Amino acid sequence: MRPRLVPRALTDGAGDLIHNAGATAAVLAGAYAFVFVFNDLTRREVLHQSLSRKLVHILSGLLFLVSWPIFSNSIVARYFAAFVPLVNCLRLLVNGLSLVSDEGLIKSVTREGEPQELLRGPLYYVFMLIVCTLVFWRESPVGVVSLAMMCGGDGIADIIGRRFGSMKIPYNKRKSIAGSISMLVFGSFITIGMLYYYSRLGYMELDWLSTFQSVAMVSLVATIVESLPISEVVDDNISVPLAAMAVASFTFHH
Ligand SMILES: C/C(=C\COP(=O)(O)O)CCC[C@H](C)CCC[C@H](C)CCCC(C)C
Ligand SMILES: Nc1ccn([C@@H]2O[C@H](COP(=O)(O)OP(=O)(O)O)[C@@H](O)[C@H]2O)c(=O)n1
């Protein structure tokens, strides 16, 4: 057999680099297109700005989770994937500091259309995407569960709570029982669905009875944390995923 002109480690490395660079470019393009579409729907008044923002909150992180399997199996894949929320983090920073002005981004992601709003909820949100990508990635259910609760659970609570939340939470009149129940129920379903997706792709081997129990515990604690009147001190996009991480780290590994 003729000796290889180029060592396999190099050709495999080059192939892996091309694979992950292509995946990063595709997901980055998807992120820009995603925000552009919601900006267009808001501009054409097809969607109200508050609903547009919540749909971006729910869908962008979940679609990012769905995109993780297109990256390679190498140890550097998570760094390529994390580059996508990192770019969006920088995008939020430069727009939030009014160094540049991307009206589309501001309109589809803020409540009042003020650039500095980007430096709170949205920035914490993409920061959590980076943390879960780098720390947990595809092998651990903890990151998947935490992001599913932040994106799906917390996002749904706002939509349902604004619309049906007449009965307020006794210790937090800004939030409602309907909003919290919707976070508990839909957050659990979305989390189970995402775990099923990852287990079907072979990234996780889950015992579903204990998984249901763990997800129920995570959702309950995350919902209680989200209902607390602490938003002025710590944003939901920090407290909800951190609470989910803490409970999931304990329940999924015991
Ligand atoms: C609107 C957002 C957060 C607001 O949180 P809250 O104040 O309502 O609690 C989310 C901001 C999303 C960001 C602008 C775009 C993030 C894109 C993501 C990193 C990658 C998505 C890729 C996928 C293929 C669409
Ligand atoms: N558990 C919840 C969460 C939100 N909501 C409703 O959604 C609105 C926005 O919720 P929020 O302050 O958590 O908003 P974000 O910080 O998630 O953008 C609240 O003012 C309530 O009207 C609710 O009724 N019940």
Side-chain angles (χ1 to χ4, degrees), residues 49-51 53-58 60-62 64 85-86 88-98 105-106 109-136 142-143 145-188 190-191 215 217-251:
Q49 187 168 345
S50 62
L51 179 58
R53 180 168 149 278
K54 271 305 150 183
L55 290 176
V56 172
H57 177 123
I58 294 170
S60 54
L62 293 180
F64 182 53
L86 176 64
N88 281 276
C89 191
L90 297 175
R91 193 179 172 202
L92 291 169
L93 273 172
V94 294
N95 279 277
L97 296 171
S98 298
L105 177 70
I106 294 167
V109 167
T110 62
R111 279 198 189 95
E112 313 296 338
E114 295 300 325
Q116 57 270 27
E117 288 180 66
L118 297 176
L119 302 179
R120 293 192 296 273
L123 191 63
Y124 304 144
Y125 180 100
V126 291
F127 176 72
M128 277 300 164
L129 292 180
I130 295 169
V131 168
C132 288
T133 305
L134 295 178
V135 174
F136 302 107
V142 176
V145 167
S146 303
L147 292 184
M149 283 311 298
M150 177 183 78
C151 303
D154 182 31
I156 288 282
D158 184 315
I159 293 176
I160 302 294
R162 282 180 192 274
R163 194 176 177 82
F164 304 108
S166 55
M167 195 181 295
K168 299 303 181 186
I169 293 172
Y171 53 82
N172 185 356
K173 299 302 184 188
R174 284 188 60 247
K175 297 193 175 174
S176 66
I177 294 170
S180 292
I181 290 173
S182 63
M183 175 171 178
L184 182 67
V185 173
F186 288 101
S188 299
I190 290 167
T191 301
V215 169
M217 183 59 71
V218 170
S219 301
L220 180 62
V221 172
T223 299
I224 291 170
V225 167
E226 193 274 343
S227 73
L228 298 175
I230 55 172
S231 300
E232 301 307 319
V233 177
V234 58
D235 193 277
D236 290 350
N237 293 339
I238 300 284
S239 58
V240 166
L242 285 184
M245 275 179 220
V247 178
S249 297
F250 182 77
T251 55

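Keep in mind that what you see is a predicted model, and the values were worked out from it rather than measured.
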Heavy atoms, side chains only, cut-off 4.5 Å: are [X] and [Y] in contact?
{"X": "N172", "Y": "S227", "answer": "no"}
{"X": "I159", "Y": "L55", "answer": "yes"}
{"X": "M149", "Y": "M183", "answer": "yes"}
{"X": "L51", "Y": "R162", "answer": "no"}

Rounded to the nearest 0.5 Å, how far does [atom2] of [Y] lie from [atom1] of [X]?
{"X": "L93", "Y": "L123", "atom1": "CG", "atom2": "CG", "result": "5.0 Å"}
{"X": "I130", "Y": "F64", "atom1": "CD1", "atom2": "CZ", "result": "8.5 Å"}
{"X": "L92", "Y": "Y125", "atom1": "CG", "atom2": "OH", "result": "11.0 Å"}
{"X": "S180", "Y": "L220", "atom1": "OG", "atom2": "CG", "result": "10.5 Å"}
{"X": "L147", "Y": "F136", "atom1": "CG", "atom2": "CZ", "result": "9.5 Å"}
{"X": "L119", "Y": "N95", "atom1": "CG", "atom2": "CG", "result": "9.5 Å"}

Least distance between heavy atoms, [X] atom then [Y] atom:
{"X": "G152", "Y": "I58", "answer": "CA-CG2, 4.4 Å"}
{"X": "N237", "Y": "M128", "answer": "O-CG, 3.2 Å"}
{"X": "T191", "Y": "A148", "answer": "OG1-CB, 3.5 Å"}
{"X": "V142", "Y": "S249", "answer": "CG1-OG, 3.6 Å"}
{"X": "Q49", "Y": "G113", "answer": "NE2-N, 3.7 Å"}
{"X": "G187", "Y": "S219", "answer": "C-OG, 4.3 Å"}

Report yes or no: does H57 contribute a side-chain atom to a donor-acceptor pair with the main-chain N or O of V109 at less than 3.5 Å?
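Not at all, since once roles are kept as given, no pair shorter than 3.5 Å links the two residues.
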Salt bridge check, D236 against K175: does any charged N sit closer than 4.0 Å to a carboxylate O?
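Salt bridge present between K175 and D236.
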